[in-house]
Amino acid sequence: MTVLPREILICTIARLLQDVRHVAVGASSPMPAAGAMLRRALDEGQRKVRLSILGSVEHNFFTNGSAELFDSAGQGRLDAFFLGGGQIDGMANVNLVGVGTYPQMSVRWPGSFGSAYLYFTVPRVILFREEHSPRVFVEKVDFISAPGISTPETYRPGGPVALLTSKALFSFDSQRPGFRLESVHPGHDLQEILDATGFQFDHDDIPPTTPGPDAATLSLLRDRVLNELSETYPAFAAQWRRDLAEAIPDGASA
């Protein structure tokens, strides 16, 4: 079977969301949204997965935007959320503010918004950043928008559990603390991951390869999920279809 790199990521996200009841996705997160939609489709008939995509009409039951999202998280009714950052370090600290010494920063990003609050309240926060380079994954972030770990006396039901990039999947252990390389995506290798990551992480000598979808899951992804995704992320869905047409010109699966 021909499987696109983005389809590997989406299927990995769906596996990370196993057993969730309610997952929320930001307005600019098409791949996390697709992974959540795939999880919902895979679990249909067995259990209900509630998906909230901010900015979506079809896939959002909130009527007051982020205010209800924060209330839901604080009340323990949100199981999973996705968080990215301009910088992420080995302690899972996230920087959404900028590069340099605050407040005189050479590069400024949109800002932290509610990232710290959600990082503390949502039990399964998945860090997601497609770009896997030393400028993103640094030894120490320049500014902590949301801390990856807290002191033992701090009440914190939420926090990071995984980091997914275009090259690999990592798990995060808040007790150790630190990341562990769980798998490397097809087409990449351990040395490439080491060279592209500015912080140290645990890993096997020969890390496993991130598994791809079986034929039934891939069919579900390219039919139902892709169609559902078009409502909220039409440009992303159109590009996905173009990439499929280019990779599989005759429409075959292999």
Side-chain angles (χ1 to χ4, degrees), residues 3-56 58-62 69 72-73 75-85 88 92 94 115 118-130 148 157-166 168-174 179-183 185 208 210-214 216-229 231-233 236-237 240:
V3 181
L4 301 180
R6 69 163 58 90
E7 293 172 335
I8 294 286
L9 296 183
I10 292 169
C11 291
T12 302
I13 289 168
R15 285 193 294 272
L16 291 171
L17 294 176
Q18 192 167 4
D19 300 327
V20 301
R21 301 165 302 162
H22 182 192
V23 53
V25 178
S28 302
S29 304
M31 272 197 272
M37 289 175 178
L38 179 58
R39 181 74 267 159
R40 181 174 62 183
L42 289 169
D43 289 353
E44 192 172 66
Q46 305 173 48
R47 55 193 302 276
K48 183 176 181 180
V49 176
R50 177 171 285 180
L51 169 60
S52 301
I53 304 176
L54 297 183
S56 170
E58 181 70 22
H59 306 286
N60 187 10
F61 66 93
F62 292 141
L69 170 67
S72 181
Q75 294 163 5
R77 295 187 289 113
L78 182 58
D79 300 313
F81 187 74
F82 296 85
L83 185 62
I88 298 172
V94 174
S115 57
L118 294 172
Y119 219 16
F120 271 70
T121 55
V122 180
R124 196 179 307 189
V125 177
I126 299 167
L127 299 172
F128 179 76
R129 181 66 196 264
E130 275 194 87
V161 297
L163 165 64
L164 180 63
T165 78
S166 60
L169 171 66
F170 300 81
S171 61
F172 186 75
D173 184 348
S174 60
F179 285 103
R180 175 176 176 77
L181 180 63
E182 294 295 334
S183 65
H185 304 335
T210 306
D214 57 26
T217 301
L218 191 61
S219 177
L220 186 64
L221 182 60
R222 291 175 177 175
D223 184 11
R224 172 175 168 176
V225 172
L226 183 49
N227 288 332
E228 288 181 343
L229 197 69
E231 179 266 338
T232 309
Y233 304 101
F236 180 87
W240 186 355

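Model, not experiment: these values are computed from the prediction.
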**Asked** Could you walk me through whether Leu9 and His185 pass the side chain to side chain contact (heavy atoms under 4.5 Å, CB included) check?
**Response** CA-CA 9 Å; Leu9 296 183; His185 304 335; 3.3 Å; yes
**Asked** Please walk me through it: do Ile10 and Leu221 pass side chain to side chain contact (heavy atoms under 4.5 Å, CB included)?
**Response** CA-CA 9 Å; Ile10 292 169; Leu221 182 60; 3.6 Å; yes
**Item:** Worked check of side chain to side chain contact (heavy atoms under 4.5 Å, CB included) between Phe82 and Leu164
**Value:** CA-CA 10 Å; Phe82 296 85; Leu164 180 63; over 6 Å; no
**Request:** Starting from the C-alpha separation in whole Å, work towards a yes-or-no answer on side chain to side chain contact (heavy atoms under 4.5 Å, CB included) for Leu218 and Val3.
**Result:** CA-CA 8 Å; Leu218 191 61; Val3 181; 4.2 Å; yes
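Residues meeting the salt bridge (charged side-chain N to carboxylate O under 4.0 Å, His left out) test with Arg6, sequence neighbours left out: Asp243. Contacts of Arg50 classified as salt bridge (charged side-chain N to carboxylate O under 4.0 Å, His left out), with partners at least two apart in sequence or in another chain: none. Legend: residues meeting salt bridge (charged side-chain N to carboxylate O under 4.0 Å, His left out) with Asp43, ordered by chain and number and at least two apart, are Arg39, Arg47. Take Asn227 and apply the side chain to side chain contact (heavy atoms under 4.5 Å, CB included) test, not counting sequence neighbours, and it matches Asp223, Arg241. The side chain to side chain contact (heavy atoms under 4.5 Å, CB included) search around Ser52 returns His22, Ala24, Asn60, Phe61, Phe62, not counting sequence neighbours. Residues satisfying the salt bridge (charged side-chain N to carboxylate O under 4.0 Å, His left out) criterion with Glu182, sequence neighbours excluded, are absent altogether. Residues meeting the side chain to side chain donor-acceptor pair (under 3.5 Å) test with Thr217, sequence neighbours left out: Asp214. When the ring pair (Phe, Tyr, Trp, His ring centres under 6.0 Å) test is applied to Phe172, the partners found at least two apart in sequence or on another chain are Phe179. Every residue meeting the side chain to side chain contact (heavy atoms under 4.5 Å, CB included) condition with Arg15, not counting sequence neighbours, appears here in chain and number order: Cys11, Thr12, Thr210, Pro211. Listed by chain and number, the residues in a side chain to side chain contact (heavy atoms under 4.5 Å, CB included) with Gln46 amount to none (sequence neighbours excluded).
How far CD1 of Ile13 is from CG of Leu169: 10.0 Å, rounded to the nearest 0.5 Å. In this structure, Phe81 CZ and Ser72 OG are separated by 11.5 Å, a value rounded to the nearest 0.5 Å. A distance of 5.5 Å separates CD in Glu7 from CH2 in Trp240, rounded to the nearest 0.5 Å.
Here the side chains of Leu127 and Tyr119 are in contact, with some heavy-atom distance below 4.5 Å. Side-chain atoms of Val125 and Leu118, non-hydrogen and from C-beta on, never get closer than 4.5 Å to each other. At least one side-chain heavy atom of Val94 sits less than 4.5 Å from a side-chain heavy atom of Leu83. Taking 4.5 Å as the limit, some side-chain heavy atom of Met37 sits within range of a side-chain heavy atom of Leu51.
Minimum interatomic distance between Ser29 and Tyr233 (heavy atoms only, all atoms of both residues): N-OH, 3.5 Å. Annotation for Pro160 and Gly148: closest pair CD-O, 3.5 Å, computed over non-hydrogen atoms. Heavy atoms only, all atoms of each residue included: Val23 and Ala36 are closest at CG1-CB, 3.8 Å. Looking at every heavy atom in both residues, Pro30 comes nearest to Leu229 through O-CD1, 3.7 Å. Nearest heavy-atom pair, Ala80 versus Leu17, reported as atom, atom and distance to 0.1 Å: CB-CD2, 3.7 Å.
Sorted by first then second residue, the side-chain hydrogen bond (donor to acceptor under 3.5 Å, both in side chains) pairs that include residues 121-130, not counting sequence neighbours, are Arg129-Glu131. Applying the salt bridge (Lys or Arg N to Asp or Glu O under 4.0 Å) test to residues at least two apart or on different chains, the pairs with a partner in residues 20-31 are Arg21-Asp79.
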